[in-house]
Amino acid sequence: MTVLKTSMRNFFAHKGRMALSAVAVLLSVAFVCGTLVFTDTMNTTFDKLFAATSSDVTVSPKTAKSDSTPQNGRPDSLPASVLERAKKAEGVKYAEGAVSSMNVTVVNSANKNMGSSTGAPTIAGNWTRNDLRSMEITSGHAPRGPTETMVDADTADKHHLKLGDELRTIAVTGDFKARIVGIATFKVTNPGAAVVYFDTATAQRELLGTTGRFTEINLSAATGVTDDTLKQNVTASIGAGGYKVQTQKERADENRSGVGSFMDVIKYAMLGFAGIAFLVGIFLIINTFSMLVAQRTREIGLMRAIGSSRKQVNRSVLVEATLLGVFGSILGVGAGVGLAVGLMKLMSAAGMDLSTRDLTVKATTPVIGLVLGVVVTVLAAYLPARRAGKVSPMAALRDAGTPADGKAGLVRGIIGLVLTGAGTFALFTAAGADKASDGSLVLGAGVVLTLIGFVIIGPLLAGGVVRVISAVLLRFFGPVGRMAERNALRNPRRTGATGAALMIGLALVACLSVVGSSMVASATDELDKSVGTDFIIQGNQRIVPQAAKAIETTPGLEHVTHYRDIEAKIVAPDGSSDSDGVTAADPTYAQDLHRKTTAGELTAAYGKDSMSVGSKFATKHHVKLGDTLTVAFKGGSTAKLKVAAITDDDVAIDQGARYLSTQTMRKYLPANRIPPDQIMFASAKDGQEKQAYAALKKSMEQYPQYQVRDQSDYKQELKDQIGQLLNMVYGLLALAIVVAVLGVINTLALSVVERTREIGLMRAIGMSRRQLRRMIRLESVVIALFGALLGLGLGMGWGATAQKLLALEGLKVLEIPWPTIIGVFIGSAFVGLFAALIPAFRAGRMNVLNAIATD
């Protein structure tokens, strides 16, 4: 009880000093809990949606997948005769055929895409009784003929659609127009998909290209009949040979698995950044308790002198840490829920609707937040607590502050150097790896070891690095600058720990900047060397035939190249095989993309019953020029094709592609199984590049889902895409940097308290308030630049090693983004200035006499 009272008294006596550490715990726990609540809410949203849209029993083609469309762009379907047989199954209340396709684009009269901007699909289908489970018609009526359509209310609101507006639907079978006669509202949350409905005959004809077929059959169970029983009866009635029969739960589970991997990526990525924030927060907490213990040395010594044991002193500090962890974690759990709501609002603003009605806070979420926050805080305070327990009673007779443990410092230095050396060796080993997959594991080990090593030897590095920074920066500030340098060097362990917190975040920033810049530079270099075409046409969906025809008939073009990925199984002469497919293209593709060959000529691969393979495939499967491969086309026949060329796979574009001609593809694939183009290329006639570019843009105005780009456009988009990804990552890393800034603030604030008497004496002998504040600001800048220098240097080393692995995948150019690196380094100085504002202000307001009288 005495230990608890002492801990409580000390905790509340130093509540101002604990506040910033509590904020670090709060932020870290909030990010973890916010991530869990956000992903759980998204799962709940999708679960409700999938449960509401799934009938009691669903019959679909055996090959159908809920999250994909066949390569020919037409959904898999089954004959209407299956519906008639299903209706006769015992226990069926009603059965109906449904048509649905996600390979469509819907545009308004101004050719503006009515689909989601977040990547959610546009779904077109027929209106059925099953849709009443998840939707209700709130305006107009359901479509009754080929010129009528109905849209969901969310899409109507986003794009200001109303009854009577005309929409054009672009499908692989052709374009067709219809006017809006109804608007249906979701009864559950729609995460962002755009939905349009037609009558059954129109949906069959325009989406499937034929009548008398459905993509699935929905069955409702009669009263008292379970879904499992109905499934058995339907299976017996239709025969399960070529069909997939699922209960509502099985169907919902299949749909859920389609988005499960995406949700896991979001969840674990965000938790990874939360872990980084926790790691940075550990340094803040260690620093806080280390300084508090140092400042209370005399008090602890007196406690030991009057009978307190080591365990009691140790326990007292750990109880304070527990109180800090509990306080910060409780606030963090609440902040996490608020963060999740904020993320939902942000996603909704971006076009992905998430309702707070589905907000899901599982019982495990606050428990995880509390346990994690308390455990991390207590572990971080353990070392300072041990040092507190070692304070001898005689320390009460000395001034506050504990002498440095030289032996411990030596051991720490040796361990740090060993880990850093091992990590450096791992990085060098990774850089020399023959396979990227093998090197990535070694790279990960090198990153971890060098990071831990730098953290441990930070105090050793502080002396030399701070002196160098001071020689360059602080000498201009005269005596005040020299005093700031000495303050930073006074406690190397504290400076090292504070700098390490900032180092971690900036090391990751530097590493990702190097990797991102190298990817852009490598891709740009490859485009310059390899791409010979003038224009590239592609979109998020395959290019429908009518759009391809518009491209072909554009004036001013020398040639147009079709490019398709074809599903196929390839069997080598030695019997080995893979199912990675082939690429069917026109012979002009050899002009559009210049590929080196290790054997043969690429143009020969576009000959009759010929093909090419990549060098990696040839090596793995022992294939040589002139060999015959067995190629089984999915949905078509099996061909015997001669290897007429082996392409060099030391590239980033089309690495591993196996080329054959469009004519060869047509010979072995029936017309209704030939997929639309994945991408198309076009080259202008000499001297007509600008006119052809403008003409292509005009030709594709009717099809906004596709983009026409010349080489400069393509390079810029690549740069923008990588830049957007990096900006998102930087935004998440900002949390760790914010915690690091709190660490600098806390270190300075506690340092000012520790030096109260010293500050009073300096003021007494003539130092002005302005000089005092400047000294503290300069000290903060030096600490921040120390952490930045270590972090940026370490991060560039990681990034350069990662680029060596990317070079094995064809991305060969290493580019250091010096403007970004220099900008971050300069920005770190401003971070130091900002962090020093409050401590410097408080130091300047100290009463001189009271400061001198401080014990």
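As a basis for the values below, the full set of heavy atoms in this structure was taken, side chains included, without hydrogen atoms, waters or symmetry mates.
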How long is the span from the [atom1] atom in [X] to the [atom2] atom in [Y], to the nearest 0.5 Å?
X: Leu324; Y: Ser329; atom1: CG; atom2: OG; answer: 8.5 Å
X: Phe786; Y: Leu502; atom1: CZ; atom2: CG; answer: 10.5 Å
X: Thr420; Y: Ile415; atom1: OG1; atom2: CD1; answer: 11.5 Å
X: Leu527; Y: Leu593; atom1: CG; atom2: CG; answer: 9.0 Å
X: Gln655; Y: Asp648; atom1: CD; atom2: CG; answer: 9.5 Å
X: Leu789; Y: Leu794; atom1: CG; atom2: CG; answer: 11.0 Å

Residues forming a salt bridge (charged side-chain N to carboxylate O under 4.0 Å, His left out) with [X], sequence neighbours excluded:
X: Asp654; result: none
X: Asp40; result: Lys362
X: Arg494; result: Glu754

Please check this pair: side chain of [X] against backbone of [Y], looking for a donor-acceptor N/O pair closer than 3.5 Å.
X: Gln803; Y: Leu811; value: yes
X: Ser517; Y: Val514; value: no
X: Asp525; Y: Ala521; value: no
X: Ser518; Y: Glu815; value: yes
X: Asp713; Y: Asp710; value: yes
X: Thr365; Y: Val37; value: no
X: Arg490; Y: Arg486; value: no

Close side-chain approach of Leu718 and Met519, heavy atoms under 4.5 Å: no
Just to verify, what does Ala501 make a side-chain contact (heavy atoms from CB on, under 4.5 Å) with, not counting sequence neighbours? Val280, Phe283, Ala740
Only counting residues at least two apart or in another chain, list the ones meeting ring-ring contact (aromatic ring centres under 6.0 Å, His included) with Phe617. His621
Which one of Arg658, Arg595, Lys616 satisfies the salt bridge (Lys or Arg N to Asp or Glu O under 4.0 Å) criterion with Asp649? Arg595
Sequence neighbours left out, what pairs pass salt bridge (Lys or Arg N to Asp or Glu O under 4.0 Å) with at least one residue falling in residues 786-812? Asp650-Lys812
Between Ser513 and Thr820, the two heavy atoms sitting closest are OG-CG2, 3.7 Å
Do we see a donor-acceptor contact under 3.5 Å between the side chains of Asp720 and Gln724? no
Only one of Leu461, Leu474, Val782 passes side-chain contact (heavy atoms from CB on, under 4.5 Å) with Val466, and that residue is Val782
